[in-house]
**Student:** 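Handing you a structure now.
Convention: sequence-line order gives letters A, B, ...; per-chain numbering from 1. Values in this document were obtained by computation on a predicted structure and should not be read as measured data.
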Amino acid sequence: MSAAISPVRTDIREPQSKHPSKAQSIVIDGMSKSFGDRRVLSDIDLAIPAGQFVAIVGRSGCGKSTLLRLIAGLDQATAGKIIVGDRTVESLQPSTRLLFQDARLLPWQRVIGNVGIARHDGWRKAAAVALEDVGLADRANDWPAVLSGGQRQRVALARALVSDPGVLLLDEPFGALDALTRGEMHRLLERIWQEHGFTTVLITHDVSEALRLADRVIVLRDQGVALDVQVELPRSRRDIGDAATMTLRSRILAEV
Amino acid sequence: MSAAISPVRTDIREPQSKHPSKAQSIVIDGMSKSFGDRRVLSDIDLAIPAGQFVAIVGRSGCGKSTLLRLIAGLDQATAGKIIVGDRTVESLQPSTRLLFQDARLLPWQRVIGNVGIARHDGWRKAAAVALEDVGLADRANDWPAVLSGGQRQRVALARALVSDPGVLLLDEPFGALDALTRGEMHRLLERIWQEHGFTTVLITHDVSEALRLADRVIVLRDQGVALDVQVELPRSRRDIGDAATMTLRSRILAEV
Amino acid sequence: EDKTVRIGFQKYGTLILVKAQGLLEEKLEPQGYTIEWTEFPAGPQLLEAMNVGAVDFGTTGEAPPIFAQAAGAPLVYVGVEPPAPKAEAILVPEDSPLQTVADLKGKTVGLNKGSNVHYLLVKALEAAGLSYSDVEVAFLTPADGRAAFEKGALDAWVIWEPFLAAAEAATGARQLTDGTDIVENREYYLASRDFVDGDPAAVDAILEAIDEVDDWINENHSEVAEQFAPSVGMPAEILNVAVERRTYGVEPITPEIIAAQQAIADVFFELELIPTAISIADAAKEGES
Amino acid sequence: MLNRFRGGRSAVLRTLAPWALPLVLLIAWEIMARSGLIESRLLPAPSAVFAAFWESLWNGTLLTHTAISTERAFKGLLIGGGIGFVLGVLCGISRPAETMFDSSMQMLRNVPHLAIIPLVIMWFGIGEEAKIFLVAIGSAFPIYLNTFHGIRTVDSGLIEMARVYGLGRFALYWRVILPGAMPSILVGLRYALGIMWLTLIVAETISASSGIGYMTMNAREFLQTDIVVLGIIVYALLGKLADSATRALESKALAWHPAYQATERTTG
Amino acid sequence: MLNRFRGGRSAVLRTLAPWALPLVLLIAWEIMARSGLIESRLLPAPSAVFAAFWESLWNGTLLTHTAISTERAFKGLLIGGGIGFVLGVLCGISRPAETMFDSSMQMLRNVPHLAIIPLVIMWFGIGEEAKIFLVAIGSAFPIYLNTFHGIRTVDSGLIEMARVYGLGRFALYWRVILPGAMPSILVGLRYALGIMWLTLIVAETISASSGIGYMTMNAREFLQTDIVVLGIIVYALLGKLADSATRALESKALAWHPAYQATERTTG
Ligand SMILES: Nc1ncnc2c1ncn2[C@@H]1O[C@H](COP(=O)(O)OP(=O)(O)OP(=O)(O)O)[C@@H](O)[C@H]1O
Ligand SMILES: Nc1ncnc2c1ncn2[C@@H]1O[C@H](COP(=O)(O)OP(=O)(O)OP(=O)(O)O)[C@@H](O)[C@H]1O
Ligand SMILES: [Mg+2]
Ligand SMILES: [Mg+2]
């Protein structure tokens with residue numbers, strides 16, 4: 001598991017969650033992915049310890065969503081392997097949850113049903129709480145079709161958060177949200193992550209968002225990892241305007 | 001056409017485009033919209049002169065998309081009326097184009113076909129140029145299904161830009177793009193707008209984006225217009241860090 | 001022991017009266033039989049059922065058993081009705097220029113393929129000095145034939161009772177000829193081989209019952225017509241004509257009858273209606289009634 | 001209530017409009033029949049058909065025939081639809097099952113019922129079973145084909161989502177695949193309801209003495225055109241009934257579906 | 001080429017797999033027939049059917065019958081399918097047209113062909129027209145129903161998009177609505193191809209002396225089970241052929257559609 005290819009690497013750290021949970025580590029080993037002749041990811045090596053919060057940034061079409069799909073087991077790598085927990089990913093992982101880039105709500109289930117879909121007993125209560133959290137408690141009994149874009153995204157977020165993940169993969173979960181709602185969702189995600197300690201991989205286009213939330217930021221470029229840095233700021237980070245962070249920010253932006 | 005309700009109003013200005021084009025003015029007069037019992041927009045008055053670039057910001061679910069749909073004639077107002085050019089909007093407007101919040105690409109047309117859909121003669125050339133502009137020239141012959149989220153959004157943008165609009169309505173066209181690509185798209189949109197001078201209404205969650213592009217920023221809140229300010233900065237604006245702009249920015253954020 | 005007798009009948013014929021009068025039940029039920037009556041739209045369907053063993057006894061015209069026998073169906077001729085040559089005819093529309101069978105040359109004639117009237121046409125043409133290939137034949141079931149005849153799509157239509165009487169009454173159609181002196185046109189009683197071998201007494205009982213009813217019919221034409229009317233769906237007056245055109249009674253299978261039936265089979269073989277030549281005698285139960 | 005009252009007139013109009021075309025045809029037909037343009041022997045006037053209808057209604061035969069046919073029809077539909085549905089689901093979700101069965105189904109589907117009657121009699125005799133069997137195979141295929149097609153075209157994004165959220169096999173089918181295939185399955189049901197009656201007329205030629213297929217074919221034999229036409233009209237009305245039932249089902253089961261909501265809104 | 005060669009064995013397997021079930025049934029049937037479990041009079045052994053097939057192929061009757069039927073079938077399909085398609089498009093895109101026609105179509109759909117033969121003869125006589133007419137109405141309904149349903153369920157978001165981008169009526173139908181309805185229309189075509197043959201067997205009882213429907217029904221009348229079974233098998237093969245044709249069409253016309261791509265990938 002050498003770091004030969006990725007330009008910057010950190011060593012695997014211990015999980016930092018307070019609750020030793022069902023969080024699982026992710027190890028990516030020499031993994032490549034091509035669609036036909038188009039190579040998207042080349043020989044990626046990455047190790048994400050259980051419970052870590054990783055943000056991934058990168059330009060449009062650089063393979064971020066593809067990477068998440070591979071980790072989730074929705075697609076097969078062309079070469080190399082991915083290990084989640086102690087199992088090589090060959091198909092779907094039982095405790096990996098993925099919030100897709102599009103909301104993917106079931107049109108034939110009401111909002112609350114969509115949120116509760118991954119829960120068995122007590123789903124209604126858990127879903128109601130989650131909807132409350134994302135500010136849509138009053139829309140519980142609407143059809144998804146009548147929601148606005150941002151509302152749909154929040155329903156998907158609520159669904160991801162109540163789904164009791166070991167690994168939570170988030171593909172641009174806040175893209176359609178205004179600054180204020182986005183801030184609220186940041187706090188919500190951070191709180192739930194801290195409570196449950198699942199491993200989190202967040203794709204975002206907003207570097208501030210990455211710095212606000214993540215332990216570690218990874219930049220994807222040219223089919224590989226261009227930058228891999230730790231964010232050593234105390235939580236909860238609200239206003240991140242200090243010089244060190246600004247430098248980090250510029251450095252990340254420069255790599256994208 | 002009084003401004004009685006909207007908290008802040010500017011007078012109608014002359015179109016500022018260099019090319020007196022087919023751009024049309026938009027006048028919204030005492031317009032309300034409800035879905036069943038849910039009132040979304042209440043008694044809105046707005047006048048947008050032909051050729052103006054207006055940005056609309058507001059919280060998720062506040063009715064921004066609804067407003068655009070009403071202007072486009074895709075939905076009917078519950079009360080009041082909308083006039084585009086010199087015609088009251090009752091159904092679709094012949095030269096109004098709307099970029100939807102979701103990409104809405106035809107799955108059975110290749111990328112280039114999707115872009116050229118609104119053009120008759122010479123569509124292939126125009127579409128190829130537009131694809132080049134959005135950085136997807138090499139994807140012209142792919143099916144939309146294999147594109148990444150941001151690529152899809154850019155195809156939709158290319159389609160909107162070649163569609164020869166009189167009024168162009170953009171519903172979060174850059175939501176899924178990284179900072180760099182976003183910057184490129186900003187420049188592209190500004191250039192095309194300056195060349196053709198169509199009236200533009202842009203919904204965005206990014207206040208900087210609004211300030212970067214728009215002549216005027218409108219904040220929607222509580223079913224009405226909460227703020228309506230001119231942005232008097234010289235184009236092209238790249239780095240907007242001066243004090244006045246920062247104040248404006250905070251003022252807008254405070255109103256959202 | 002299964003002592004169920006399954007009888008197939010058609011809407012028009014003696015059996016329906018046997019059923020209505022309950023004669024058979026009277027005769028057989030005391031001996032521990034139960035009777036099951038099943039209606040069939042036509043002879044071929046009835047023999048189809050007999051072929052697979054779903055029916056023990058039934059009645060059809062002269063043609064269907066020839067086909068059934070050619071197909072290897074294990075059936076036995078157990079009885080026959082008297083000849084009824086007047087119960088089938090070649091019809092032309094009222095205002096048709098055709099006057100004799102010989103005029104049919106080159107005309108379109110409708111008939112039900114492989115039925116008694118098919119044989120009638122062959123024989124009638126033969127008698128008029130024409131050959132079968134001198135006419136254009138259109139194969140139509142009785143129902144379709146009537147529609148085509150009325151539409152004017154046919155120059156002539158060969159048909160049997162009670163369709164014959166009905167068509168005459170409704171359209172004023174004219175007969176070029178009926179079967180008199182050309183064909184016999186009999187109706188046969190058939191039973192499956194198993195039934196005949198296993199339960200000859202029951203076969204006899206059925207034939208007896210039919211004979212009794214036939215005698216009664218011969219005396220009570222108009223009443224018979226009344227009784228048929230609802231099931232057939234024709235006015236009693238028309239049915240009365242049909243009933244009057246023949247006599248009734250169960251006769252045994254004699255060598256003459258076998259020969260007549262054999263002649264039909266041979267014609268059908270010549271027409272390539274059946275793939276192999278058959279011997280009627282193999283399937284006949286001679287000399288009893 | 002108020003709303004209903006206000007919309008009363010146009011609602012009535014909307015309910016009646018679908019009947020406009022049949023009505024116009026009916027009137028034209030009556031006029032042609034009365035004026036002698038159509039010979040009543042060939043095609044009886046609507047009034048004559050109505051008289052036949054009234055009589056057979058009065059003496060109970062129509063109802064008896066219809067009731068008997070309906071029973072056969074629904075028994076067959078239940079069995080055949082059930083089998084078609086199960087096979088459709090099976091082939092829809094499993095490639096091996098598709099490879100195994102689909103080809104055979106597509107071949108069997110094409111075999112005319114009239115042609116297999118001899119075999120059916122052989123297997124089932126001439127009783128009710130044979131008739132029900134024919135209806136069953138008739139209605140199995142549309143349900144099969146549409147279930148299969150519906151399941152195959154369920155948005156794969158939603159299936160991925162469901163799987164990633166750990167839905168078990170059963171929940172996946174029950175909560176995602178079946179609802180997604182439902183619009184198509186209901187179209188299949190529409191077909192099946194039609195085919196069910198069509199097959200019945202064939203089935204009732206085997207050896208029946210009751211049922212509306214028997215009634216019609218019997219009348220056809222003797223060119224009782226009024227009864228034949230009556231039979232045709234009964235079939236048409238049964239078709240309309242089935243259609244309305246499916247529509248009602250659709251607007252219930254597909255309340256979430258914009259296309260069906262729209263239908264609901266404008267038609268009733 | 002190389003790829004083909006390498007995948008040769010499993011490709012062959014995949015092509016053969018759908019025939020496994022029919023083959024197994026065939027063998028079981030032959031064994032039962034030979035061992036006397038099935039009386040050959042009732043159901044001839046496959047070898048006997050094959051002999052009949054061989055003979056009728058040899059003397060050309062089978063091909064003649066099939067060719068004549070095929071001509072009738074496709075003429076009818078063209079006319080009926082065309083009408084069904086046009087009406088389906090009309091009702092799909094226009095509410096008034098739907099109100100006007102849909103109800104009537106749903107009623108007519110339910111009328112058995114067997115029942116209307118007398119009427120058809122009166123209208124069209126006993127020539128080819130009558131047969132083609134029957135096939136036409138038979139195949140019109142599935143195309144109608146599926147076109148209608150397909151158009152109604154086209155993603156309304158895409159239609160909105162197209163309208164907002166100023167597509168004219170024609171372009172809207174041609175570039176958005178029809179492609180969107182295509183999967184459903186092709187399912188309709190699949191049905192129609194089946195129904196086409198089914199109707200033909202009824203049509204060919206009208207004064208026919210050729211065609212495979214005639215051949216089969218004639219054999220049935222004369223209890224020639226081997227020919228009946230032969231007819232059934234010909235129908236089944238024609239069904240398979242139609243199915244393969246539709247599949248080919250689907251994989252061409254729906255190349256963009258993930259569900260059909262998947263099919264392509266695994267079956268072809
Ligand atoms: N067809 C509809 N039926 C009922 N309610 C609707 C319908 N369309 C939108 N709404 C509601 O109207 C409100 C405004 O929706 P709209 O899509 O305009 O929001 P938005 O400002 O665009 O939000 P976002 O930024 O999240 O896209 C939302 O609460 C939404 O749920
Ligand atoms: N199924 C597929 N077939 C072919 N190419 C694909 C497929 N899926 C993705 N791609 C291509 O792979 C590349 C990476 O796609 P991916 O969705 O991972 O991008 P992304 O980093 O998520 O971009 P974005 O930020 O725009 O969402 C893109 O160029 C895309 O077109
Ligand atoms: Mg992506
Ligand atoms: Mg919106």
**Student:** Calculate, to the nearest 0.5 Å, the distance between atoms CG and NE2 belonging to D:L167 and A:H120 respectively.
**Tutor:** 7.0 Å
**Student:** Does the D:W256 side chain pair with the main chain of A:P144, one donor and one acceptor, at a distance under 3.5 Å?
**Tutor:** no
**Student:** Should we count CZ of A:R191 as having more than 12 external heavy atoms under 6.0 Å?
**Tutor:** yes
**Student:** Counting only non-hydrogen atoms closer than 4.5 Å, does A:L105 touch chain D with its backbone (N, CA, C, O), its side chain (CB onward), both, or neither?
**Tutor:** backbone
**Student:** Any donor and acceptor pair, going by atom type alone, linking the side chain of D:Y165 with main-chain N or O of A:L98 inside 3.5 Å?
**Tutor:** yes
**Student:** Is the closest side-chain heavy-atom distance between A:L74 and D:V164 below 4.5 Å?
**Tutor:** yes
**Student:** Is it the case that over 12 heavy atoms from other parts of the model lie below 6.0 angstrom from the CZ atom of D:R163?
**Tutor:** no
**Student:** So which of D:D155, D:L254, D:L158 actually passes side chain to side chain contact (heavy atoms under 4.5 Å, CB included) with A:P107?
**Tutor:** D:L158
**Student:** Any side-chain heavy atom of A:W108 within less than 4.5 Å of one from D:H257?
**Tutor:** no
**Student:** With a 6.0 Å cut-off (strictly less than), is the heavy-atom count around CD of A:Q76, excluding the residue itself, greater than 12?
**Tutor:** yes
**Student:** What I'd like to find out is whether the side chain of D:M161 reaches to under 4.5 Å of the side chain of A:L106, using heavy atoms alone.
**Tutor:** yes
**Student:** So for A:R69, is it side chain, backbone, both, or neither that comes closer than 4.5 Å to the heavy atoms of chain D?
**Tutor:** side chain
